[in-house]
Amino acid sequence: MEVGKERVVALVDMDCFYVQVEQRFNPKLKNKPCVVAQYKTWKGGGIIAVSYEARAHGVTRNMWANDAKKLCPDLQVARVRESHGKADLTCYREASVEVIEVMSRFAVIERASIDEAYMDLTSSVQKRVKDLQVSQIDQELLKNTYIQGFPVASELEDLPVDKEEQRLKGLQQWLHTLPSCFQPGCSGYAEVCLAVGAMIVEEMRAAVEQDTGFRCSAGISHNKVLAKLACGLNKPNRQTVLPLGSVSELFMTLPISKIRNLGGKLGVSITETLGVENIGELTRFTRAQLEESFGEKTGSWLYDLCRGIEFEPVKPRQLPKSIGCSKNFQGKSALATKTQVQHWLQQLALELEERLNKDKEMNGRVAKLLTVGVRQPGDKKPISFSRCFALARYEASKISSDSFAIIKSLNAAGSHQEAWSPPLTCLHLSASKFNESSSGGISSFFSSDVASTQSCLKPNEEAPKSETTPKKPSGIQALFQKAAEKKKRKADESLTDKEPVALCSSENLPEGTASVLPRQAAAVSSVSRSSFFQRKSLWKTPPSFLLEKPVEEPTEDKSQAERSPQGSSHALSGAGEQNRVEIHGNEDFHTCERCGQEVLMWEIPEHNDFHYALDLQNSLSSSSTSSSSLFSAPVMDTASSSREKSRPRTQAGPQAKRARSLDNSITLDSFFKKA
DNA sequence: ACGGATCTCACT
DNA sequence: TAGTGAGAT
């Protein structure tokens, strides 16, 4: 079996997403040169998204709206909403959720950013290929699909000038190269899989547009890097298949910086160190040479990558792992008094509180850590200083006062002065380290009466097999909201916590203070646990992928399969079917095609219910680590055991870690009262 | 005085 | 761990 062709991976990227959101909101903006800008007073505001019509005039991101107007006098400028005195991206996040919900009907997805998602289509494709006729791979089902590298240049005939004509010719040419029998392992099987993957993506993109009104582009290939690259080749509103066979020609002239993760310093250093410009030129070097220059992991990653091979798994995760907000204060507006600092911390905290509460309702989780960052003038880095503390409650005034306490020591003016110096040019608050919460989200969804209304739950309804996307009854929305409202009412019982728990060591605290008390965070979470168990009765099988285990194959040789720049895992990972390795030596397990987890046979129905509910509620995964999981059923064990194999296990379990860190905590409260 | 506001992940 | 740095959008 050829290497590097085991998976079918797609990347879907919304076209100028913020612009589309504004255009849907205000249809007069459709089909016009249009940008989204934030703020207005300084040069008309900074542009953060540009429609394709505007791009034709040379308008780009990071341009001032006033400057863009000079290039394109007809330019329509939509403004980012402002609340709490800062840009508020809420509506784009919400639109993103809509999109992700639709995409999740087709595959397990990894949210890569607000407007991008990866998906591993391997198992869906294999299933479809099983009883597939040649005739079922039809150009009519690939109407928006380009095949990179096709049509092949010919001396005899001229290429069509019309782009669509050329696309079609390339597609036809490629389809003719496909074999007529689809046996795994047969020559051309990998390409058949790509074709079927592209068909699925066509359907998915059509569904996204139908259900949300948003258009997107996509790349379909065998790994994330190639899928991402392919996606950019025919934008907007089109998709591109990148077969491995087309890689060498493409890479021959592709600048290194075009590859994901090589757009920065590493890319430059490759060019400088090896004197190469294009990614394909790296094939001239041995693995050992590359490892010598860039380290074992990165070197090895590059060696494979320049041949079109890469193994980073698509991680089943729809939710952000952190929720944060920040604001810059440039130049004269830099914060130079204590009052100003407190005021803006409060504004940021207010936004954060709102977003965290919403997150708790929707996703049934609570953040446990709050990080505060600041920047001072002259600093190159965007955040010149950051400290964190335990987040016990979602309460803006407390978040802001704790935040103030923890950055107080940066004020050279001293704590008695009203002045703050050096002034702050940026404030940043970010919440992370999520745990499942006992109320809200999934659990209360299921404890509510609507949940047991089985009539509208069709657990076994799978991703649409073909043609039109099955429109869910609109009642689902209502169902959703009803559940959400219930949650709201219940919400408060969850976090009745007590003291704040600082996670920083005492020397990090401002002006020698603070008593060190071991805190009850552990107790808090165990409370949540038991109450959760009391109400959650519907499932025996826990949603294992709440644990965020990457879809990885428990390979033998995992030790050398490590990581390289930006989380590119070199693990020989397979998705879907390849996960079906017997790691329990027990035939009672089945691999769920939605989440890749091992599920006990007799618990499959519940597991499917679970997926259905998750899709409904868009609360797929929570970012909690396995340590904090509420669940302890077999699937859970499977998850952790297979993960164990993929990592050199050394330290004590995360459980122990967390406990330890919380033990060393301090209360900011006591400190604050004095100060 | 402007690439703003958010993200994720690796390293130590 | 917590904190920093890099990379991306």
Side-chain angles (χ1 to χ4, degrees), chain A residues 13-14 16-18 36-39 41-43 45-50 60-64 67 80 82 86-90 92-93 96 110-116 228 232 257 259-269 295 297-298 301 312 315 317 319-334 348 351-352 355 369 371-373 375 377-390 406 425-433 502-505 507-508 548 550 562-569 623 651 654 656-665:
Chain A
D13 185 325
M14 307 309 294
C16 53
F17 187 46
Y18 291 6
V36 175
Q38 53 190 4
Y39 304 118
T41 50
W42 187 265
K43 303 192 176 184
I47 292 173
I48 58 176
V50 187
T60 68
R61 225 172 58 179
N62 299 334
M63 206 173 248
W64 299 114
D67 296 339
V80 175
E82 285 181 41
K86 63 181 291 299
D88 178 1
L89 305 178
T90 302
Y92 311 117
R93 292 192 190 95
S96 175
E110 173 183 340
R111 179 197 198 269
S113 76
I114 196 166
D115 72 339
E116 281 189 341
K228 170 73 178 164
S257 64
I259 298 285
R260 188 182 69 142
N261 289 332
L262 298 183
K265 295 183 178 184
L266 177 57
V268 169
S269 100
K297 296 165 188 172
T298 303
W301 179 74
E312 183 182 314
K315 299 169 195 70
R317 180 177 53 76
L319 301 178
K321 290 178 158 181
S322 67
I323 294 178
C325 51
S326 62
K327 177 162 175 58
N328 288 352
F329 307 93
Q330 319 260 22
K332 198 185 145 225
S333 71
L348 290 175
E351 178 183 323
L352 196 57
R355 287 168 59 192
L369 191 75
T371 304
V372 193
R375 172 141 88 140
D379 260 324
K380 286 225 147 180
K381 11 179 189 167
I383 296 293
S384 47
F385 170 94
S386 83
R387 289 292 182 272
C388 63
F389 60 86
I406 215 165
T425 55
C426 175
L427 285 179
H428 176 88
L429 296 183
S430 175
S432 58
K433 295 213 189 305
L503 290 184
C504 52
S505 55
E507 55 266 30
N508 288 334
E548 300 232 322
E562 311 229 35
R563 334 209 69 193
S564 178
Q566 293 307 308
S568 31
S569 166
S623 307
Q651 325 119 330
K657 268 190 199 166
R658 193 168 68 90
R660 193 162 49 244
S661 69
L662 289 167
D663 279 348
N664 288 337
S665 50

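Lettering follows sequence order; numbering is per chain, from 1.
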Nearest-neighbour nucleotide for the A:Lys265 side chain, C:dG7, B:dA1, C:dG3 considered
C:dG7
Which residues pass the side chain to side chain donor-acceptor pair (under 3.5 Å) test with A:Ser113, not counting sequence neighbours?
A:Asp115
Give me the atom names and distance for the closest heavy-atom approach of A:Arg111 to A:Leu319.
CD-C, 4.4 Å
Given atom NZ of A:Lys433 and atom P of C:dG3, what is their separation to the nearest angstrom?
11 Å
Just compare B:dC9, B:dA5, B:dA1 and give me whichever is closest to any side-chain atom of A:Arg317.
B:dC9
Does a salt bridge link A:Glu351 with A:Lys327, judged by any charged N lying under 4.0 Å from a carboxylate O?
no
What's A:Gly324 touching, base or sugar-phosphate or nothing? Going by heavy atoms closer than 4.0 Å.
sugar-phosphate
Hey, which sits more toward the 5' end of DNA chain B by its nearest nucleotide, A:Glu110 or A:Lys86?
A:Lys86
Can you measure A:Arg111 atom CZ to B:dT8 atom P for me and round it to whole angstrom units?
7 Å
Which one, B:dA5, C:dT9, B:dA1, comes nearest to the side chain of A:Asp115?
C:dT9
What contact category does A:Asp13 fall into here, base, sugar-phosphate, or nothing, at under 4.0 angstrom with non-hydrogen atoms?
nothing
Taking the side chain of A:Arg387 as heavy atoms from C-beta outward, which of C:dA6, C:dG3, B:dA5 is closest to it?
C:dG3
Side chain of A:Lys327 only, heavy atoms from C-beta on: which candidate in C:dG3, C:dA8, B:dA5 is closest?
B:dA5
Could you give the CD1-to-P distance, from A:Ile383 to C:dG7, as a whole number of Å?
18 Å
Taking OP1 and OP2 of C:dT4, is either one under 4.0 Å from a side-chain nitrogen or oxygen of A:Ser386?
yes
Rounded to the Å, how far apart are A:Asp379 CG and B:dG3 C1'?
17 Å
So, A:Arg355 side chain and A:Gly324 main chain: donor-acceptor pair closer than 3.5 Å or not?
yes
Donor-acceptor pair, side chain of A:Ser322 and main chain of A:Ser430, under 3.5 angstrom
no
When all nucleic acid strands are considered with a 4.0 Å heavy-atom cut-off, which category describes A:Arg355: base, sugar-phosphate, or nothing?
sugar-phosphate
Assign A:Lys228 to base, sugar-phosphate, or nothing according to its heavy-atom contacts below 4.0 angstrom with the strands shown.
sugar-phosphate
Measure from the side-chain N and O atoms of A:Tyr39 to the backbone N and O of A:Gly46, and report whether any donor-acceptor pair falls under 3.5 Å.
no
OP1 or OP2 of B:dG3 versus the side-chain N and O atoms of A:Asn328: is any pair under 4.0 Å?
no
Is A:Phe17 touching bases, backbone alone, or none of the nucleic acid, heavy atoms closer than 4.0 Å?
nothing
What's the closest nucleotide to the A:Asn261 side chain, out of B:dT6, B:dA1, C:dG7?
C:dG7
A:Lys297 side chain, from C-beta outward: closest of C:dT9, B:dA1, B:dC11
B:dC11
A:Lys380 has an atom NZ; how far is it from atom P of B:dA1, in whole Å?
14 Å
With sugar-phosphate meaning primed atoms plus P, OP1 and OP2, does A:Ile47 contact a base, only sugar-phosphate, or nothing at under 4.0 Å between heavy atoms?
nothing
A:Asp88 meets the side chain to side chain donor-acceptor pair (under 3.5 Å) criterion, sequence neighbours left out, with A:Ser83, A:Thr90
Is the distance from OP1 or OP2 of B:dC9 to the nearest side-chain N or O of A:Lys321 less than 4.0 Å?
yes
Side-chain N or O of A:Thr371 less than 4.0 angstrom from OP1 or OP2 on C:dA2?
no
Starting from C1' on B:dA5, measure out to CD1 on A:Ile323 and report it in whole angstrom.
14 Å
Write down the distance separating the P atoms in B:dA1 and C:dT9, rounded off to the nearest Å.
28 Å
Report yes if a side-chain nitrogen or oxygen of A:Arg260 is closer than 4.0 Å to either non-bridging phosphate oxygen (OP1 or OP2) of C:dT9; otherwise report no.
no
Of A:Gly331 and A:Glu351, whose nearest nucleotide on DNA chain B comes first from the 5' end?
A:Gly331
Between C:dG3, B:dA5, B:dA1, which nucleotide gets closest to the side-chain atoms of A:Gln38?
B:dA5
Nucleotide nearest A:Leu89 (side chain, heavy atoms from C-beta), chosen from B:dT6, B:dG3, B:dT8:
B:dT6
What's the spacing between A:Ile47 CD1 and A:Asp67 CG if we round to 0.5 Å?
8.0 Å
Below 4.0 Å: OP1/OP2 of C:dT9 and any side-chain N or O of A:Tyr92
no
When rounded to whole Å, the CZ to P distance for the pair A:Arg375 and C:dT4 reads 14 Å
Nucleotide C:dG7, atom P - distance to CG of A:Leu266 in whole Å
7 Å
Is any side-chain N or O of A:Arg93 closer than 4.0 Å to OP1 or OP2 of B:dT6?
yes
Would you mind classifying the nucleic acid contact of A:Lys43 as base, sugar-phosphate or nothing, using non-hydrogen atoms under 4.0 angstrom?
nothing
Regarding the side chain of A:Lys381, the nearest nucleotide among B:dA5, C:dG5, C:dT9 is C:dG5
